[in-house]
Amino acid sequence: MQEKKYTPLSELSGGSSDKPAKLRIAIQKSGRLYDDSVKLLNECGIELRNVKDRLKTESDTFPMEVFFLRDDDIPQYVEDGVADIGIVGENVLFEKNKKAEIVEKLGFGKCRLSLAIPRSETYQGVQSLDGKRIATSYPFLVNEFLKKNNINGEVHEISGSVEIAPGIGLADVVVDLVSSGSTLFMNGLKEVETILQSQSVLIKNNKLNKEQEILLDKLLFRIKAVKKAKRNKYVLMNAPNDKLNDIIALLPGMKSPTVLPLAETGWSSVHSVLSEDEFWEKIEQLKAAGAEGILVVPIEKMVM
Ligand code: ATP
Ligand code: ZN
């Protein structure tokens, strides 16, 4: 099985393919998703040539061509097959309502699409939106939300700076992207309803050929290893041998912890992997159980 996955691509096409297979990926040209998208590719061993002010570039280390686009255009490019895959926020993907399949959530670009009203007002529930003017850059998602709740609101599409609309009398409320909420606060607004939770996702065109599917599998394998490593830490500690059993019982490890004797008799060094969710709790328990000199080290890749 494993061997099969790495069959050279030329062999798959009988060795006579005139065009070597490659994946064309669309990522944001500049903006909030750019750095994380390029970083993720780099962490997957995909180095990019001359990214500065380019519309596209190639990688020397993976059969991949990268297109730099406005995030709003990425779903369309992927649906049309101009790009095979893309990295885009779920907010944009769902707003554009294009036929592109989500293959992996990427864990960055987290934000929410929220309804916000002037801070001086008291929110009376979704029904209170009836007849209100709603400013947003997400008309499709807002209309869906209104429909679902049986509300007649007046949706005003604005392409940027939505949060100033109520202040200048252009709208009564807004639906906008929020991460910390400080932009809303500075504009005298408060968040009262979440319409969508969003993060960046990897999407794909639904007609990839066999060779491209294999390349995508290869990329996904790497992305998963990078994501897994980010959720875990490598932990080393010293433990007196008489406490070893208690300490080992606290540690999961990938199989079981590594235990090595220290130069000082009666002591061992214990190595293990801890996941982010239980990290602090475990460290406290380990300390209480007698572990000393605990070191925590980031993991770059984790292949199971
Ligand atoms: P472009 O020029 O590509 O159209 P843009 O101005 O539409 O860029 P950015 O502000 O760079 O977009 O945001 C890109 C994406 O980052 C958003 O669509 C969303 O998925 C994500 N994001 C995360 N947090 C926030 C936030 N607080 N505000 C806006 N977008 C956010
Ligand atoms: Zn955009």
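Order of listing sets the numbers, starting from 1, for every ligand and every atom in it. Side-chain atoms are counted along with the backbone in the values below, which use heavy atoms only and exclude waters and symmetry mates. Remember, predicted model here, so these are calculated numbers, not experimental data.
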List every atom of ligand 1 that sits less than 4.0 Å from any heavy atom of [X], numbering the atoms from 1 in the order shown and giving each element.
{"X": "N91", "value": "17 (C), 18 (O), 19 (C), 20 (O)"}
{"X": "K110", "value": "23 (C), 24 (N)"}
{"X": "G89", "value": "20 (O)"}
{"X": "S179", "value": "26 (C), 27 (N)"}
{"X": "G31", "value": "11 (O)"}
{"X": "V92", "value": "18 (O)"}

Just by distance, do the side chain of [X] and the backbone of [Y] share a donor-acceptor pair under 3.5 Å?
{"X": "Q199", "Y": "G107", "value": "yes"}
{"X": "S137", "Y": "I158", "value": "yes"}
{"X": "N152", "Y": "G131", "value": "no"}
{"X": "S200", "Y": "F108", "value": "yes"}

| request: Mind telling me whether H271 and Y234 have parallel, tilted or perpendicular rings, with 30° and 60° as the class edges? | output: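 Answer is perpendicular, since the angle exceeds 60°.
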| request: Please check if a non-hydrogen protein atom sits closer than 4.0 Å to atom 10 (O) of ligand 1. | output: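 Protein heavy atom within 4.0 Å of atom 10 (O) of ligand 1: present.
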| field | All side chain to side chain contact (heavy atoms under 4.5 Å, CB included) counterparts of A116, not counting sequence neighbours | value |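 A116: side chain to side chain contact (heavy atoms under 4.5 Å, CB included) contacts with V174, L184, L189.
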| query | With a 4.5 Å heavy-atom cut-off, do N238 and E264 have their side chains touching? | reply |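 No; the side chains remain at least 4.5 Å from each other.
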| request: Answer yes or no: are there more than 12 heavy-atom neighbours, outside E278 itself, under 6.0 Å from its atom CD? | output: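 Enclosed: over 12 neighbouring heavy atoms sit under 6.0 Å from CD of E278.
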| request: Count the heavy atoms belonging to other residues, nucleotides or ligands that lie under 6.0 Å from NZ of K301, then report whether that count exceeds 12. | output: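 Atom NZ in K301 is crowded, with more than 12 foreign heavy atoms closer than 6.0 Å.
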| message | Using a cut-off of 2.8 Å, how many protein N, O or S atoms sit around the Zn ion (ligand 2)? | response |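 There are 2 of them.
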| Side chain, backbone, both or neither: the part of V88 lying under 4.0 Å from ligand 1 by heavy atom |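 Neither; no heavy atom under 4.0 Å.
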| For S198, is at least one N or O under 3.5 Å away from an N or O on ligand 1? |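 No, no N or O pair falls under 3.5 Å.
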| Quick one: do the E163 and T183 side chains pair a donor with an acceptor below 3.5 Å? |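 Note: E163 and T183 side chains miss the donor-acceptor criterion.
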Give me the residue, atom name and distance of the protein heavy atom closest to [atom].
{"atom": "atom 24 (N) of ligand 1", "value": "C111 CB, 3.4 Å"}
{"atom": "atom 4 (O) of ligand 1", "value": "D72 OD1, 2.7 Å"}
{"atom": "atom 31 (C) of ligand 1", "value": "R32 CD, 3.3 Å"}
{"atom": "atom 30 (N) of ligand 1", "value": "L177 CD1, 3.2 Å"}
{"atom": "atom 8 (O) of ligand 1", "value": "Q28 NE2, 3.0 Å"}
{"atom": "atom 2 (O) of ligand 1", "value": "R70 NE, 3.6 Å"}

| field | Atom pair OH/CG of Y123 and L129 - distance to nearest 0.5 Å | value |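 Going from OH on Y123 over to CG on L129, the span is 5.0 Å.
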| Passing option when L202 is tested against I102, V88, I223 for side-chain contact (heavy atoms from CB on, under 4.5 Å) |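 Single side-chain contact (heavy atoms from CB on, under 4.5 Å) partner of L202 among I102, V88, I223: I223.
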| Applying side-chain hydrogen bond (donor to acceptor under 3.5 Å, both in side chains), which residue pairs with at least one partner in residues 84-105 are found, sequence neighbours left out? |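 Qualifying pairs, neighbours excluded: R24-D84, Q76-K98, D84-Q212, E90-K105, N91-Y138, N91-S198, E104-K227.
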| Set of residues satisfying ring pair (Phe, Tyr, Trp, His ring centres under 6.0 Å) with respect to F185, sequence neighbours excluded |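 Partners of F185 by the ring pair (Phe, Tyr, Trp, His ring centres under 6.0 Å) criterion come out as none, since no residue qualifies.
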| field | Q199 touching ligand 1 at heavy-atom level, < 4.0 angstrom | value |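 The answer is no, since Q199 has no heavy atom less than 4.0 Å from ligand 1.
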| said: Measuring from atom 14 (C) of ligand 1, which candidate in T183, D36, D176, D71 has the nearest non-hydrogen atom? | reply: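 Checking each option, the heavy atom nearest atom 14 (C) of ligand 1 is found in D71.
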